[in-house]
Amino acid sequence: MPELPEVEVTRLSFADRIAGARIVSVRMGKPLRWPLGCDPALLAGRTVQAVRRRGKYLLLDLDAGLILVHLGMSGSLAFADHLPEPGAHDHFDMVTSRGALRLNDPRRFGAVVFAPAQDAPQAVKLLGGLGVEPLSDQFDAAAFHAALKRRNAPIKQVLLAGDVVVGVGNIYASEALFIAGIRPTMPASRISRPRAVRLRAAVRDVLARAVQKGGSTLRDFSNAHGQAGYFQLEAMVYDRAGEPCRQCAAPIRMIRQGQRATYYCAHCQKP
DNA sequence: AAAAGCCCCTGGATGC
DNA sequence: TGCATCCAGGGGCTTT
């Protein structure tokens with residue numbers, strides 16, 4: 001579920017409040033994608049200094065080490081002064097001096113991993129192969145075009161893979177390609193320079209606007225205060241199969257690429 | 001190296 | 001109402 005906008009909205013909703021907090025206790029529920037990697041009791045007494053984001057990972061910087069949090073498909077974080085008794089899908093609770101952080105994740109594709117340092121094997125393995133941050137100045141048009149030239153897979157799947165540019169998931173890949181007017185099935189290597197420039201701008205535009213709208217809430221996403229997002233109401237193609245294109249009224253098409261649904265307008269998006 | 005498939009897991013929607 | 005089937009914001013791992 002959560003793509004870059006949802007993860008960033010989550011980060012913004014509690015980063016300031018947790019910064020400087022001392023960890024009182026940590027409780028783990030059912031197993032997540034990977035084990036925590038240390039005894040939870042070992043985290044008590046440490047301080048959460050800041051919350052950063054890298055791709056779809058949240059990084060809680062401690063005074064010693066860091067905690068990587070991934071929301072998977074169905075995860076969401078809550079941060080409150082007091083949390084109710086943990087429910088069946090609450091798999092990580094961290095009580096701090098400034099409030100309690102909780103991960104709720106029904107499908108358990110998410111993860112909470114402790115790494116003793118930035119360059120610890122756990123962190124390197126998970127973050128090492130990630131592409132450039134799309135909203136940063138590092139997302140250079142010429143380099144983006146050059147990277148696409150090296151890939152023959154369909155552009156939609158290259159965006160999703162995350163090794164060229166991070167944070168673009170299934171909703172925003174379809175949306176960005178619509179904005180750029182590019183057919184999702186087009187081999188990345190055949191995208192011209194001007195179209196790569198447009199795609200770069202479209203990715204930045206759609207992600208930034210989604211953050212502004214609080215992300216997309218399709219079924220259960222909410223920020224750390226339980227507030228839903230509204231970007232799904234502005235989607236041009238995602239989940240709109242058969243409905244009229246908002247630009248030309250042609251019916252939106254749905255295809256499957258790598259077991260994931262892709263939505264596009266055959267009239268507005270050229271091969 | 002790159003690409004394509006396969007899973008991990010639960011719950012909601014749909015169909016008979 | 002009950003049960004089977006399909007589908008879902010991700011991504012690491014294995015196989016071609």
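All values reported here derive from a predicted model rather than from experimental measurement. Chain identifiers are assigned alphabetically (A, B, ...) following the order of the sequence lines, protein sequences preceding nucleic acid strands; residue numbering begins at 1 within each chain.
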Check your understanding: For C:dG11, does either OP1 or OP2 sit under 4.0 Å from a side-chain N or O belonging to A:H70?
Key -> yes
Check your understanding: More than 12 heavy atoms of other residues, nucleotides or ligands under 6.0 Å from CG of A:D16: is that the case?
Key -> no
Check your understanding: OP1, OP2 of C:dG10 versus side-chain N and O of A:Y172: anything below 4.0 Å?
Key -> no
Review point. So, is A:K30 close to the B:dT10 phosphate, meaning a side-chain N or O under 4.0 Å from OP1 or OP2?
Key: yes
Point to revise | Heavy-atom donor-acceptor pair, A:R107 side-chain to C:dA8 base, under 3.5 Å | key: yes
Review point. Does a nitrogen or oxygen in the side chain of A:R108 sit under 4.0 Å from OP1 or OP2 of B:dT10?
Key: yes
Check your understanding: Is any side-chain heavy atom of A:K156 less than 4.5 Å from a side-chain heavy atom of A:I255?
Key -> no
Practice item. Determine the contact category for A:A161: base if any of its heavy atoms lies under 4.0 Å from a base atom, sugar-phosphate if only primed atoms, P, OP1 or OP2 are that close, otherwise nothing. Key: nothing
Revision key, fill the gap. Checking C:dA8, B:dA4, C:dG12 against the side chain of A:A153 (C-beta onward), the nearest is B:dA4
Check your understanding: Choosing from C:dC7, C:dG12, B:dA4, which nucleotide comes nearest the side chain of A:Q157?
Key -> B:dA4
Study note, to complete from the structure: Taken to the nearest whole Å, NZ/A:K156 to P/B:dA3 is 15 Å
Practice item. Could you tell me whether the side chain of A:E175 reaches within less than 4.5 Å of the side chain of A:E234, counting heavy atoms only? Key: no
Review point. Would you call the rings of A:F139 and A:F144 parallel, tilted or perpendicular if under 30° counts as parallel and over 60° as perpendicular?
Key: perpendicular
Practice item. Could you state the atom-to-atom distance from CZ of A:R256 to C1' of B:dG5 in whole Å? Key: 14 Å
Review point. Is any side-chain heavy atom of A:P2 less than 4.5 Å from a side-chain heavy atom of A:T10?
Key: no
Point to revise | Salt-bridge criterion met for A:R17 and A:D81 (N-O under 4.0 Å) | key: yes
Practice item. Considering only atom P, compute the distance from B:dC9 to C:dC3 and round it to an integer number of Å. Key: 23 Å
Practice item. Provide the Watson-Crick or G-U wobble partner of B:dC9, both distances under 3.5 Å; none if there is no partner. Key: none
Practice item. Send over the distance from A:L218 CG to B:dA13 P, rounded to a whole Å. Key: 13 Å
Review point. Which part of the nucleic acid, if any, lies within contact of A:D105, taking any heavy atom under 4.0 Å across all strands shown: a base, the sugar-phosphate backbone alone, or nothing?
Key: nothing
N/O donor to acceptor pairs below 3.5 angstrom from side-chain atoms of residues 119-132 of chain A, sequence neighbours left out:
none

Review point. Taking CG from A:L160 and C1' from C:dA8, how many angstroms apart are they, rounded to a whole number?
Key: 14 Å
Practice item. Rounded to the nearest angstrom, tell me the gap between atom CG in A:L159 and atom P in C:dG10. Key: 12 Å
Exercise for review: For A:M73 and B:dC8, give me the distance from atom CE to atom C1', rounded to whole Å.
Suggested key: 11 Å
Review point. Using the rule for Phe, Tyr, His and the six-membered ring of Trp, do A:F109 and C:dG10 stack at under 5.5 Å and under 30°?
Key: yes
Exercise for review: Let me know the distance between NE2 of A:H91 and P of B:dC8, rounded to the nearest Å.
Suggested key: 17 Å
Check your understanding: Is the shortest side-chain N/O distance from A:R151 to OP1 or OP2 of B:dA3 below 4.0 Å?
Key -> yes
Check your understanding: With sugar-phosphate meaning primed atoms plus P, OP1 and OP2, does A:F231 contact a base, only sugar-phosphate, or nothing at under 4.0 Å between heavy atoms?
Key -> nothing
Check your understanding: Does OP1 or OP2 of C:dG10 have a side-chain N or O of A:R260 closer than 4.0 Å?
Key -> yes
Point to revise | 5'-most by nearest nucleotide on DNA chain B - A:H89 or A:G258 | key: A:G258
Check your understanding: Judged by modelled atom types alone, do A:E6 and A:Y172 share a side-chain donor-acceptor pair under 3.5 Å?
Key -> yes
N/O-N/O pairs, protein side and nucleotides 13-16 of chain C side, under 3.5 Å:
unit_1 : atom_1 : unit_2 : atom_2 : d
C:dC13 : OP1    : A:K125 : NZ     : 3.3

Exercise for review: Using atom CG of A:L32 as one end and atom P of C:dG12 as the other, report the distance to the nearest whole Å.
Suggested key: 15 Å
Check your understanding: Side-chain donor-acceptor pair under 3.5 Å between A:S76 and A:N104, yes or no?
Key -> no
